[in-house]
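The figures that follow rest on heavy atoms only: side chains count, while hydrogens, waters and symmetry mates do not. If you're wondering where the values come from, they're calculated on a predicted model, not measured in any experiment.
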Amino acid sequence: MTRHVVWDHGVSLPGHRLWLDPLVVRSFAFISHAHTDHARRHREALLTPQTLALIPESRRPRGWRMLGYDEPMRRDRASVTLLPAGHMLGSAQLLLEHDGTSLLYTGDIKLRVPGTRKQTHVPKAEVLIVETTYGRPHFRFGDPDATVEAIAMWCRRALDSRVAPVLLCHALGKTEEVMQALAPYGFEFALEKRCVPCAQAYAGAGRPLPEWIELDGDARGRVVISPPAGKDEVRRLGRYRTALVSGWAKDAEFARLFGADMTFDLSDHCDFDELMDVVERTGADQVYTVHGYTEDFARSLRKRGIRASALEATEQLQLAL
């Protein structure tokens, strides 16, 4: 039963009446984190308290079951445990155990977190469902602490030249994590308006942030953070330089689309080698890939003798192991 996995606009474990980050509204679903491509108004959702706090009202589930990390709950005859995923505040992996078999769904996951030597724990599991946003071999990121230091040096040089350094980041999650990573360097921040409610939500969810103001056309002496969609506001600054902070910095064509002056490969997802590490740590005998380069990563695993399939390759694909 635990090995029975179905794809139908999202991952389903039909033997346990449980959906994992489905793309459409379901009766009961696990929401791994608060990004809008994962959060839906499900009839009832399983999620961490921080994730619930970060979901915008328009996408908040109608009912919920909040569960802290490492607190097992019963789902029929199975045990479900949420574990930190390292992706953003509140993000979680889901471990389901039943009749001696375990299944791990990673959701969006990151092993190496800037500012800490601790890595995200990945438990053993016979079946692994792993997200593969950066599932191609050219996505190999540098050491995150060294990348943060490079970002800080770039910002300092710009400020010393009386130029506004503008970091292009996702408004929810990436903005706040970058602020925290740069805080030891003494920077103050100005946030483009799309980042403001996200920063307020982070603080409300229990993650204090360095001092910041809303960008109002004058960011003198401050590091500006904006989503790429906020560049109209950025253009009012006069003298500024932009840097894309994303794993997509490794993809030259994608990076050019943003017209950034600089790119830094600081990501809140695993790179290719980390994804391989996730698979190895679980010891799974069956791996399913979801999101991103699913076929490519599954093929790479099969070349290493690991049974792997791209779960979302075909709608209504039923996979009974």
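Separation of atoms CZ (F189) and CD (E211) is listed at 9.5 Å; rounding is to 0.5 Å. Atom CG of residue L275 and atom CZ of residue F139 lie 11.0 Å apart, to the nearest 0.5 angstrom.
The minimum heavy-atom distance between F264 and A243, with the atom names listed, is CE1-CB, 3.7 Å. Minimum interatomic distance between K250 and D265 (heavy atoms only, all atoms of both residues): CE-OD2, 2.9 Å. What you find for T81 and E71 is that their closest heavy atoms are CG2-N, 4.2 Å. Contact between E192 and R194 at its shortest, heavy atoms only, is OE2-NH1, 2.5 Å. Here the closest non-hydrogen pair linking D251 and Y293 is OD2-OH, 4.3 Å.
Checked against side-chain hydrogen bond (donor to acceptor under 3.5 Å, both in side chains), T132 has no partners two or more places apart in sequence or in another chain.
A distance-only check finds no donor-acceptor pair linking the side chain of H121 to the backbone of P84 [under 3.5 Å]. Side chain of H42 to main chain of R26: a donor-acceptor pair is present (N/O by atom type, distance under 3.5 Å, no hydrogens or angles). With hydrogens and angles disregarded, no donor-acceptor distance shorter than 3.5 Å links the side chain of K110 to the backbone of A85. Distance alone, capped at 3.5 Å, places no donor-acceptor pair between the K118 side chain and the V113 backbone. Of the possible donor and acceptor atoms, none in the side chain of S27 sits under 3.5 Å from a partner among the backbone N and O of R43. A donor-acceptor distance shorter than 3.5 angstrom exists from the side chain of D21 to the backbone of S32, with no hydrogens or angles considered. Under the 3.5 Å distance criterion, the side-chain polar atoms of T106 are left unmatched by any main-chain donor or acceptor of Q93. The closest donor-acceptor contact from the side chain of R302 to the backbone of G305 lies at 3.5 Å or more, if one exists at all. Between the side chain of T51 and the main chain of G90, a donor-acceptor pair closer than 3.5 Å is present. Remark: side-chain polar atoms of R41 are not paired, donor with acceptor, to backbone N or O of V25 under 3.5 angstrom.
Exactly one of D268, D145, D271 qualifies for a salt bridge (Lys or Arg N to Asp or Glu O under 4.0 Å) with R112. That residue is D271. Only one option out of E274, E131, H291 pairs with H269 in a side-chain hydrogen bond (donor to acceptor under 3.5 Å, both in side chains); it is E131.
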Could you go through the side-chain contact (heavy atoms from CB on, under 4.5 Å) check for W19 and D8 one step at a time?
CA-CA 10 Å; W19 291 88; D8 180 8; 4.1 Å; yes
Check step by step if salt bridge (Lys or Arg N to Asp or Glu O under 4.0 Å) holds for D261 and R241.
CA-CA 6 Å; D261 302 306; R241 296 173 190 159; over 6 Å; no
Evaluate S102 against E97 for side-chain hydrogen bond (donor to acceptor under 3.5 Å, both in side chains), listing each step before the verdict.
CA-CA 4 Å; S102 57; E97 299 169 287; 5.5 Å; no
Could you go through the side-chain contact (heavy atoms from CB on, under 4.5 Å) check for L167 and L182 one step at a time?
CA-CA 12 Å; L167 304 178; L182 292 177; 3.8 Å; yes
Which atom pairs, donor and acceptor, lie under 3.5 Å between side-chain atoms of residues 147-165 and protein residues at least two apart or in another chain?
from: T147; atom 1: OG1; to: D143; atom 2: O; distance (Å): 3.0
from: S161; atom 1: OG; to: R157; atom 2: O; distance (Å): 3.0

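For the pair L111/V122, a side-chain contact is recorded, criterion being any heavy-atom separation below 4.5 Å from C-beta on.
Because its NZ or CZ atom is both nearer than 6.0 Å to the ring centre of F28 and within 45° of the ring axis, R75 counts as a cation-pi partner of that residue.
Taken together through direct or relayed side-chain contacts under 4.5 Å among Ile, Leu, Val, Met, Phe, Trp and Tyr, L67 and W64 form parts of separate hydrophobic clusters. A single hydrophobic cluster is not seen to contain both V127 and L95; linkage of ILVMFWY side chains at heavy-atom distances under 4.5 Å, directly or through other members, places them apart. Under the 4.5 Å side-chain heavy-atom criterion for ILVMFWY residues, no single connected hydrophobic cluster contains both L89 and I109.
Other residues, nucleotides and ligands contribute more than 12 heavy atoms inside 6.0 Å of the CZ atom of R281. For E188, the CD atom is densely surrounded, since the number of other residues' heavy atoms within 6.0 Å is greater than 12. Environment of CZ in R304: sparse, with no more than 12 heavy atoms of neighbouring residues, nucleotides or ligands closer than 6.0 Å.
Side-chain N/O atoms of R207 and Q50 include no donor and acceptor closer than 3.5 Å.
Ring-plane geometry between H38 and H33 is classed as tilted, the angle between the planes lying from 30 to 60 degrees on a 0 to 90 degree scale.
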